[in-house]
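Some notes on the structure that comes next.
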Amino acid sequence: MRIKYLFFSWLAVFISSWVIYVRYNSYTELCRGHECKANICDKYRKGIIDGSACEGLCSKENLYFGKCLSTRPNNQKYLGIWGNLEGVIKCQMEDAEHVDFGSELEPKKEIILFDKPTRGTTVQKFKEMVHSLFKNKLGDQGNLSDLVNLILAAADGNKDGHVSLPEAKSAWALLQLNEFLLMVILQDKEHTPKLLGFCGDLYITERVQYTSLYGISLPWIIEVFVPQGLRKRMDQWFTPSWPRKAKIVIGLLEFVEDIFHGPYGNFLMCDISAKNFGYNDKYDLKVVDMRNIVAEMNLKELIKDRPCEVDVDCVYGTDCSTVCDQSKKRCTADITQPNLAKICLLVKDYLLRGTPSEIQDELEKQIYSCIALKAATNNMEMQHSLILNNLKALLWKKISHTNDS
């Protein structure tokens, strides 16, 4: 009996040690904030890059990395404190990334980061570079010059009225990222976290109190043993009251409106996950991760004529898909499902759980009509606007007289 107990004791110690080692190894691979800071500050001290957050990060050192939130080694994400501000620090770790359908959504970066613009580039030439980049990403929009001026204003980190070469290098690196570009475009919108500062391709955004639309965080050891069906039900148990959920969903619908044929074209949501949307203490929706929101024109250029055998080969990210043309064995450029239909599918269970009985049938009918919306129909834009406005009106009418409004 003693030998048996001794054996199981040593076995428990061995398994525990192995688990701790695996978790530590995973953490050190995912959480490389010290490397990120060292790389950025080295380039800042050499005069290669500059930005509004560089001094706080590298000189005054009043910009601190807090809890690690990274889910990918090359996309570092931390809670941060900058003076009296709380934010989220995001930093790109690898110099060379690639577009991979079903995985990364950021475009290919320069092999030597921060090599553009070069010394001697005038402000006018830099404007032309930015304009050309936007034309490739967004199409030939009539108001791209306004967006260029908006970028130059954001790039002026020290607000001295002109953009230095190090500031321009930081801005150019950041403009390769979907999220940064969209944040600048939507900075005056309610549901976009505010951009607090940047240094190189590191940037800091406003912190959102609740960082998932729904769901609970379980210790990983418990997560492994929870069945998927039970996990989905558990996610719906821990949610706000129905009027507050309705307010959050109204914000989500407003965000869909913001990126649907906005002033700089249409943007597509290519990863519809509850973890990409959060809300503050007033239950106002905030988009916490916009890396997977891509300009429609840019996405079409990337996906069209891609070799394929079946429709599954024509998926970008997790939720942007086209059809495989069987006669040519190439992906078509037309997206099959609009943003609104994907959002309605995401919030179906979330919103219908606890719905007041007097609007239950009407709300369910509208949500299923929304899910059935297709991008290829002739009158899609009219249907899109009609369904979106009807949903907002139904939800708002029900909560407008409550404190949650």
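Starting from 1, each residue takes its place in the sequence as its number. Only this structure's heavy atoms are used, side chains among them; waters, hydrogens and symmetry mates stay out.
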Sequence-distant partners of [X], side-chain hydrogen bond (donor to acceptor under 3.5 Å, both in side chains), two or more places apart:
X: Glu381; value: His261
X: Glu206; value: none
X: Asp289; value: Arg291
X: Glu86; value: Arg207

Can you list, pair by pair, the side-chain donor-acceptor contacts under 3.5 Å of residues 59-71, counting residues two or more places apart and other chains?
from	atom 1	to	atom 2	distance (Å)
Tyr64	OH	Glu61	O	3.2
Ser70	OG	Lys77	N	2.9
Ser70	OG	Lys77	O	3.4

Is it true that a side-chain atom of [X] and a backbone atom of [Y] form a donor plus acceptor pair closer than 3.5 Å?
X: Gln187; Y: Leu195; answer: yes
X: Gln176; Y: Trp172; answer: yes
X: Thr336; Y: Ser321; answer: yes
X: Asp42; Y: Ala38; answer: no
X: Glu296; Y: Asn266; answer: no
X: Gln366; Y: Leu391; answer: yes
X: Gln337; Y: Ala372; answer: no
X: Asp311; Y: Cys324; answer: yes

Within residues 320-357 or reaching into it, pairs that qualify as ring pair (Phe, Tyr, Trp, His ring centres under 6.0 Å) - sequence neighbours excluded: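 Every pair satisfying ring pair (Phe, Tyr, Trp, His ring centres under 6.0 Å) with a residue in residues 320-357: Tyr214-Tyr350.
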Can you list every ring pair (Phe, Tyr, Trp, His ring centres under 6.0 Å) pair that touches residues 358-393, not counting sequence neighbours?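 For residues 358-393, and leaving out neighbouring residues, the ring pair (Phe, Tyr, Trp, His ring centres under 6.0 Å) pairs sorted by first residue read Phe260-His384.
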So which heavy atom on [X] is nearest to which on [Y], and how close?
X: Ala246; Y: Ile399; answer: CB-CG2, 3.9 Å
X: Pro263; Y: Asn143; answer: O-ND2, 2.9 Å
X: Asp319; Y: Met269; answer: CB-O, 4.2 Å
X: Ile185; Y: Phe267; answer: CD1-CZ, 3.8 Å
X: Leu363; Y: Thr355; answer: CD2-CG2, 3.7 Å
X: Cys270; Y: Leu299; answer: SG-CD2, 3.9 Å

For the atom pair [atom1] ([X]) and [atom2] ([Y]), what is the distance rounded to the nearest 0.5 Å?
X: Lys43; Y: Leu202; atom1: NZ; atom2: CG; value: 12.0 Å
X: Ile250; Y: His191; atom1: CD1; atom2: NE2; value: 9.5 Å
X: Ile49; Y: Ser170; atom1: CD1; atom2: OG; value: 4.5 Å
X: Ile367; Y: Leu345; atom1: CD1; atom2: CG; value: 10.5 Å

Side chains of [X] and [Y]: closer than 4.5 Å at any heavy-atom pair?
X: Val88; Y: Ile204; value: no
X: Val256; Y: Leu388; value: yes
X: Tyr264; Y: Phe134; value: no
X: Thr318; Y: Asn292; value: no
X: Ile248; Y: Val347; value: no
X: Ser52; Y: Asn158; value: no
X: Pro117; Y: Met129; value: yes
X: Leu165; Y: Ile48; value: no

Kindly indicate, with the supporting measurements, whether the criterion side chain to side chain contact (heavy atoms under 4.5 Å, CB included) is fulfilled by Asn178 and Lys137. CA-CA 10 Å; Asn178 295 328; Lys137 282 193 169 191; 4.3 Å; yes
Are the sulfur (SG) atoms of Cys308 and Cys314 separated by under 2.5 Å?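 Unbridged: Cys308 and Cys314.
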Give the intermediate values and the outcome of side chain to side chain contact (heavy atoms under 4.5 Å, CB included) for residues Leu346 and Leu213. CA-CA 10 Å; Leu346 174 70; Leu213 188 63; 4.0 Å; yes
Applying salt bridge (charged side-chain N to carboxylate O under 4.0 Å, His left out), which residue pairs with at least one partner in residues 388-403 are found, sequence neighbours left out?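 Listed once each, the pairs are Glu257-Lys392, Glu358-Lys398.
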With sequence neighbours excluded, give me every salt bridge (charged side-chain N to carboxylate O under 4.0 Å, His left out) pair touching residues 155-175.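 Sorted result for residues 155-175: empty, none.
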Answer yes if the side chains of Thr332 and Asp334 hold a donor-acceptor pair under 3.5 Å, and no otherwise.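 Judged by distance alone, the side chains do not pair up.
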Compute whether any side-chain donor of one residue and acceptor of the other, for Tyr203 and Glu179, lie under 3.5 angstrom apart.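 Yes, a side-chain donor-acceptor pair sits under 3.5 Å.
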Can you list everything that forms a ring-ring contact (aromatic ring centres under 6.0 Å, His included) with Tyr279? Sequence neighbours excluded, please.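 Scan of Tyr279 (ring-ring contact (aromatic ring centres under 6.0 Å, His included), adjacent residues dropped) gives Tyr210, Tyr283.
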side-chain hydrogen bond (donor to acceptor under 3.5 Å, both in side chains) assessment of Asp271 paired with Ser273: CA-CA 6 Å; Asp271 183 9; Ser273 166; 5.0 Å; no
Counterpart residues, side-chain contact (heavy atoms from CB on, under 4.5 Å), relative to Ser132 (two or more places apart):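 Counting only residues at least two positions away or on another chain, Ser132 forms a side-chain contact (heavy atoms from CB on, under 4.5 Å) with Asn136.
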One pair to check against side chain to side chain contact (heavy atoms under 4.5 Å, CB included): Leu386 and Gln383. What are the steps and the verdict? CA-CA 5 Å; Leu386 186 63; Gln383 287 184 0; 5.7 Å; no
If you count every heavy atom of other residues, nucleotides or ligands that lies below 6.0 Å from Lys329 atom NZ, does the total exceed 12?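 Yes, enclosed.
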Might you confirm whether atom NZ of Lys194 has over 12 heavy atoms from other residues, nucleotides or ligands at distances under 6.0 Å?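 Enclosed: over 12 neighbouring heavy atoms sit under 6.0 Å from NZ of Lys194.
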Of Val148, Leu138, Leu175, Leu181, which meets side-chain contact (heavy atoms from CB on, under 4.5 Å) against Leu133?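 For Leu133, the side-chain contact (heavy atoms from CB on, under 4.5 Å) check succeeds only for Leu175.
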Within residues 133-208 or reaching into it, pairs that qualify as disulfide bond (SG atoms under 2.5 Å apart) - sequence neighbours excluded: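 Residue pairs with at least one partner in residues 133-208: Cys54-Cys199.
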Ion pair check, Asp305 and Lys328, cut-off under 4.0 Å: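 Between Lys328 and Asp305 there is no salt bridge, as every charged N stays at least 4.0 Å from the carboxylate O atoms.
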Please report the C-alpha distance between Arg306 and Asp313 in whole Å, then the side-chain angles of each, then the deciding distance to 0.1 Å, and finally whether the side chain to side chain contact (heavy atoms under 4.5 Å, CB included) criterion is met. CA-CA 9 Å; Arg306 182 178 176 84; Asp313 296 330; over 6 Å; no
